[in-house]
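Here's the structure, in structure tokens; my notes come after.
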Amino acid sequence: MAKKETPAENAQLKDIISHAKEYGFVYPSSEIYDGLQAVYDYGAYGVELKNNLKRLWWETMTRTRENIVGIDSAIFMHPTTWKASGHVDSFNDPMIDNKDSKKRYRADVLVEEHAAVFEREGNQEKADELTGKLAKLLDAEDLEGVKQLIIDEGITCPISGTSNWTDVRQFNLMFSTQVGSVAEDASTIYLRPETAQGIFVNFLNVQKTARMKVPFGIAQIGKAFRNEIVARQFIFRMREFEQMEMQFFVRPGTELEWYESWAEARMKWHLALGTPKEKLRKHDHEKLAHYANAAMDIEYDFPFGFKEVEGIHSRTDFDLKSHQEYSKKKQQYFDPEVNQNYIPYVIETSIGADRLFLLSLCNAYTEETENEKKRVYLKFHPAVAPVKAAVLPLTKKDGLPEKAREIVEELKYDFNIVYEEAASIGKRYTRQDLIGTPFCIAVDHQTLEDNTVTIRHRDTTEQERVSISELHGRIAEATSFRRIFEKL
Ligand code: ATP
């Protein structure tokens, strides 16, 4: 049997999905037409969270390191790019259909999930044997063998429960479209399946114009598109998503040292953002991609198990060399220190903005019961929380709204602040808990007398009295990226 989520795992993910929809984080795309599978839209708080995560990644790359600069390359690229990168010929997933349920699966995922069941039952040996067999078959591109393995292991379709499988076939994941106004002139171009190639084809442009010396990196955030066979688990696997990729160009022979140091640096980054150590792990790839000489994933313990959030790959000189061959333009760098021309080797760190978003949401989602009352809140790191503070006048009269508005004016150009006066103060606190606002600032009658307010802290619900003049400093201290950077 393919792995089925346990009811508890399912329930937790379901709670998170419905919370995300109800409180303005993520909606199914074009929902009024019943949605489009594996495509999602971000709502008012979702877009703030996502932008904060992207900005944190961007600033980590481009500000904490002097030798990394950014670019923003186009989604469409010359079609030869994807020939050179290997995507036209080998960006495939092995797919298999169940003839009874008519459901399509990734054949490798069926086997991996089957192995995960053994792993969870404590039978690591059997799990390793299965993943080992799978890796060998995939390496040899033995698709018949993969089908046989599925049959031999008695893996059945979770929907129909049968093992009435089709053959395993390769399926290219790139979306294509046409450019050109006249049909005959039209030529097929692709929606980029990764942002990395936009960096590679600009390697020399950036190196020369930003006067970079190896080792140096180029960072980029942008949309990528993959026609994923199995689109499941909410925003974990989408057909349109966003990547945050950094290619680090190094002298040949030094790449494995850099690979290790980037793996460590990226793990530290996740920890600095507040993800607990026990929820993260490194996973070395057994089957290396055609371009890599070392590769690992950073995995997070999602409600559906440990899954990849970020990949760290030692891509050798594969991409630049291949672009040199196809374009017939030299992609070399002259290294004055060793007095040599060479094609640099590359370490890539690649993380999905949406997967990081899902990680943050899963990690933040907290249910607590006290005195038989359930409290749900999102425990985001204040630096990435969508709203930093809510300013709440205790009542709608006696000049309290005016005083509260003055505070909003003072804070709103530096922080995302909301102002709310409707409903009881308790209800307003709850609303802010549900979107993960770290601070609620209550303005009461005493405020008019002595210019103090109460700050209510999201995680502890504790309240303290502080002077209005302290607010800016307090919020800045808690929400600054600097606190995260200092831990790197
Ligand atoms: P997977 O094995 O999960 O398909 P991958 O190994 O193909 O991922 P990479 O090509 O290494 O992924 O892409 C780098 C990162 O981009 C991944 O770690 C992930 O965070 C993100 N990513 C890849 N595919 C998707 C997708 N379909 N939806 C959302 N994010 C994705």
Side-chain angles (χ1 to χ4, degrees), residues 26 29 36-42 50 53-54 57 82 85-87 90-95 105-113 116 131 134-135 138 171-175 191-199 219-247 259 262-263 266-267 269-270 275 280-292 294-300 302 304-315 318-319 346-362:
V26 181
S29 155
L36 180 66
Q37 215 199 0
V39 187
Y40 289 90
D41 298 337
Y42 288 84
K50 195 175 179 202
L53 290 168
K54 289 196 290 186
W57 181 89
W82 305 110
S85 69
H87 283 81
S90 57
F91 192 51
N92 302 317
D93 275 342
M95 68 174 179
Y105 298 93
R106 256 174 70 177
D108 53 336
V109 172
L110 278 182
V111 178
E112 277 163 12
E113 293 189 342
T131 46
L134 176 69
L138 291 174
F171 178 78
N172 192 291
L173 300 183
M174 281 197 293
F175 282 103
L191 272 70
R192 66 179 174 196
E194 61 176 28
T195 57
Q197 297 305 323
I199 295 180
Q220 166 157 240
I221 299 180
K223 289 266 184 172
F225 304 83
R226 296 183 186 179
N227 198 358
E228 299 279 3
I229 299 169
V230 201
R232 276 191 305 164
Q233 288 147 342
F234 193 35
I235 56 172
F236 180 81
R237 189 175 300 287
M238 300 199 285
R239 298 209 165 101
E240 173 181 342
F241 57 99
E242 240 173 320
Q243 284 187 318
M244 308 195 281
E245 297 198 296
M246 193 281 302
Q247 311 294 327
Y259 168 74
W262 272 109
R266 295 304 304 150
M267 191 58 117
W269 187 81
H270 288 281
T275 310
L280 291 167
R281 74 178 186 194
K282 286 181 187 165
H283 171 79
D284 290 319
H285 283 205
E286 274 151 39
K287 179 179 183 270
L288 291 176
H290 56 277
Y291 50 75
M296 72 165 79
D297 298 333
I298 294 178
E299 296 185 336
Y300 172 74
F302 288 100
F304 40 89
F306 273 99
K307 291 274 166 11
E308 170 178 350
V309 175
E310 171 158 11
I312 293 137
H313 310 126
S314 174
R315 290 180 81 124
F318 173 84
D319 302 88
V346 172
I347 306 303
E348 160 182 87
T349 73
S350 173
I351 179 165
D354 314 87
R355 275 198 200 170
L356 178 64
F357 182 103
L358 183 58
L359 178 161
S360 308
L361 202 57
C362 292

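Just so we're clear, the structure is a prediction, and the values are computed from it rather than from any experiment. One-based numbering, in listed order, for ligands and for the atoms of each. These values consider heavy atoms only, across backbone and side chains, with no hydrogens, waters or symmetry-generated copies.
- Looking at ligand 1, you'll find an N or O of Val309 within less than 3.5 Å of one of its N or O atoms.
- A donor-acceptor pair is defined here as one N or O able to donate and one able to accept, closer than 3.5 Å; no such pair exists between the side chain of Tyr300 and the backbone of Arg355.
- Among all protein heavy atoms, the one lying closest to atom 4 (O) of ligand 1 is Arg237 NH1, 2.7 Å.
- From the protein, the heavy atom lying nearest to atom 30 (N) of ligand 1 is Phe241 CD1, 3.5 Å.
- Within the model, atoms OG1 of Thr275 and CG of Leu359 stand 5.0 Å from one another, a figure rounded to the nearest 0.5 Å.
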TODO: Might you work through the side-chain contact (heavy atoms from CB on, under 4.5 Å) test for Ile235 and Val26, ending with a clear yes or no?
DONE: CA-CA 9 Å; Ile235 56 172; Val26 181; 4.0 Å; yes
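- Residues passing the salt bridge (Lys or Arg N to Asp or Glu O under 4.0 Å) test with Glu310, sequence neighbours excluded: Arg266.
- You'll find the side chain of Glu240 stays beyond 4.5 Å of the side chain of Leu36, heavy atoms only.
- Side-chain atoms of Glu245 come within 3.5 Å of backbone atoms of Thr195 as a donor-acceptor pair (strictly under, hydrogens ignored).
- Among Ser350, Pro193, Ala38, the residue whose heavy atom sits closest to atom 15 (C) of ligand 1 is Ser350.
- Between Arg226 and ligand 1, a contact under 3.5 Å exists for at least one N or O pair.
- Ligand-side atoms of ligand 1 in range of Phe236: 28 (N), 29 (C), 30 (N), range being under 4.0 angstrom from any heavy atom.
- Not close to ligand 1: Asp354, with no non-hydrogen atom less than 4.0 angstrom away.
- The main-chain N or O of Ile229 is never found under 3.5 Å from a side-chain atom of Arg106 such that the two would form a donor-acceptor pair.
- Gln243 NE2, 3.4 Å is the protein heavy atom nearest to atom 13 (O) of ligand 1.
- Among protein heavy atoms, atom 17 (C) of ligand 1 sits closest to Glu308 OE2, 3.3 Å.
- Using a non-hydrogen distance threshold of 4.0 Å, Arg239 does not register as a contact of ligand 1.
- Judged as a salt bridge (Lys or Arg N to Asp or Glu O under 4.0 Å), and not counting sequence neighbours, the contacts of Glu242 are Lys50, Lys54.
- Near Glu310, meaning under 4.0 Å from any of its heavy atoms, are these atoms of ligand 1: 18 (O).
- Closest to atom 19 (C) of ligand 1 among all protein heavy atoms lies Arg355 NH1, 3.5 Å.
- Of all atoms in ligand 1, numbered sequentially from 1 with element shown, those under 4.0 Å from a heavy atom of Gly352 are 15 (C), 16 (O), 19 (C), 20 (O), 21 (C).
- The residue Lys307 has no part lying near ligand 1, judged by heavy-atom distances below 4.0 Å.
- Under a 3.5 Å cut-off, the side chain of Arg226 and the backbone N or O of Pro193 do form a donor-acceptor pair.
- For the ring-ring contact (aromatic ring centres under 6.0 Å, His included) criterion with Tyr40, the lone passing option out of Phe236, Phe357, Phe234, Phe241 is Phe234.
- Taking the six-membered ring for Trp and thresholds of 30 and 60 degrees, Phe318 and Tyr291 have ring planes inclined between 30 and 60 degrees apart.
- For Asp297, no heavy-atom contact with ligand 1 is shorter than 4.0 Å.
- Those atoms of ligand 1 that come under 4.0 Å of a heavy atom in Met238, given as number and element, are 26 (C), 27 (N), 28 (N), 29 (C).
- Each of the following atoms of ligand 1 lies closer than 4.0 Å to a heavy atom of Glu228: 24 (N), 26 (C), 27 (N).
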